[in-house]
Amino acid sequence: MKRFNRVGRKVVYQGAILDFCEDEVITPEGKTVHWDYLEHKGAAATVPVMEDGRILMVRQWRNAIDRFALEIPAGGKNGAGEPTMECAARELEEETGYRANHIEFLQTIVPAIAYSGELIDVYVATDLVQTKQCLDPDEDIELETYTVEELIQKIIENEINDSKTISAILTYYSKYCHK
């Protein structure tokens, strides 16, 4: 396999959740190229499964697409060192008002592999106990529940097009429902 060698990374802009970087890379042919790179501290998400098997989803405004989106609960880590399981549990309770007594790892996804180092660890959350929703000041989240089959239909009909949600729902279905 040919080897690419990153010889430099310069932060061009530092944002609240992302740093925009310019990477200098030497190709296998010896050429120097510059690539954009988004540095991200990482995130976690959950597929929260209610006692009746329905999945708890969040509907929230997403500025990047200028509309509401139906997603699994997720959020960024509080610093690069925060374990993703802790992040997943925290975000689940903040966004939904439910705490999980059982969380198990499902998968890691790379939502934008060509230009970002963001990794999202996805967990399945079960044995949910209702607590209190504790939203960030910029969040306005509505809770909805669906069967996994209803969510797959929403994916097929392009009503759900968030990559972490699509990947998580299909992996959950394959691993836990489709035997």
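Only a predicted model underlies this, so the values are computations on that prediction, with no experimental measurement involved.
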Applying the 4.5 Å side-chain criterion to the ILVMFWY set and letting contacts propagate, would [X] and [Y] be lumped into a single cluster?
{"X": "Val58", "Y": "Ile152", "answer": "no"}
{"X": "Leu128", "Y": "Met85", "answer": "no"}
{"X": "Tyr146", "Y": "Val148", "answer": "yes"}
{"X": "Leu92", "Y": "Leu106", "answer": "no"}
{"X": "Val124", "Y": "Leu56", "answer": "no"}

Tell me whether [X] at atom [atom1] has more than 12 heavy atoms from other residues, nucleotides or ligands lying less than 6.0 Å away.
{"X": "Glu149", "atom1": "CD", "answer": "yes"}
{"X": "Ile65", "atom1": "CD1", "answer": "yes"}
{"X": "Gln14", "atom1": "CD", "answer": "no"}

Begin from the C-alpha positions of Arg9 and Glu24 and carry the test salt bridge (Lys or Arg N to Asp or Glu O under 4.0 Å) through to its verdict. CA-CA 6 Å; Arg9 173 167 289 159; Glu24 183 176 344; over 6 Å; no

Using links of under 4.5 Å between side-chain heavy atoms of ILVMFWY residues, direct or through other members, which residues join Tyr13 in one cluster? Val12, Ile17, Leu18, Phe20, Leu38, Tyr115

Do Glu139 and Glu95 pass the side chain to side chain contact (heavy atoms under 4.5 Å, CB included) test, and can you show the C-alpha distance, the side-chain angles, and the key distance before you say yes or no? CA-CA 9 Å; Glu139 290 178 315; Glu95 291 188 357; 3.5 Å; yes

State the CD1-NZ distance between Ile169 and Lys154, to the nearest 0.5 angstrom. 12.0 Å

Test side chain to side chain contact (heavy atoms under 4.5 Å, CB included) applied to [X] and [options], the passing residue:
{"X": "Ile155", "options": "Leu70, Asp162, Ile160, Thr165", "answer": "Ile160"}
{"X": "Leu151", "options": "Ile72, Ile55, Leu170, Val47", "answer": "Ile55"}
{"X": "Phe4", "options": "Ile26, Val33, Thr27", "answer": "Thr27"}

Under a 4.0 Å threshold between the charged nitrogen and the carboxylate oxygen, would [Y] count as salt-bridged to [X]?
{"X": "Lys2", "Y": "Glu29", "answer": "yes"}
{"X": "Glu144", "Y": "Arg59", "answer": "yes"}
{"X": "Glu71", "Y": "Arg62", "answer": "yes"}
{"X": "Glu82", "Y": "Arg90", "answer": "yes"}

Side-chain donor-acceptor pair present, Ser167, Gln107, cut-off under 3.5 Å: yes

Would you tell me whether Gln153 and Glu157 have side-chain atoms, one donor and one acceptor, within less than 3.5 Å of each other? yes

Could you tell me whether the side chain of Glu150 and the main chain of Thr147 form a donor-acceptor pair under 3.5 Å? yes

Gln60 vs Glu142, side chain to side chain contact (heavy atoms under 4.5 Å, CB included): CA-CA, chis, key distance, verdict: CA-CA 7 Å; Gln60 62 184 319; Glu142 293 180 21; over 6 Å; no

Locate the shortest heavy-atom distance separating [X] from [Y]; write the atom from each residue and the value.
{"X": "Tyr172", "Y": "Cys177", "result": "CE2-SG, 3.6 Å"}
{"X": "Gly76", "Y": "Lys41", "result": "C-CE, 4.3 Å"}
{"X": "Ile109", "Y": "Pro111", "result": "O-CD, 3.6 Å"}
{"X": "Thr84", "Y": "Ala44", "result": "O-CB, 3.3 Å"}

Would Glu91 and Thr46 satisfy side chain to side chain contact (heavy atoms under 4.5 Å, CB included), going step by step from the backbone distance to the final call? CA-CA 9 Å; Glu91 288 293 330; Thr46 57; over 6 Å; no

Is there a side chain to side chain contact (heavy atoms under 4.5 Å, CB included) between Trp61 and Asp66 once you walk through the steps? CA-CA 7 Å; Trp61 176 260; Asp66 196 27; 3.1 Å; yes

Relative to each other, are the rings of Tyr123 and Phe105 parallel, tilted or perpendicular (30° and 60° limits)? perpendicular

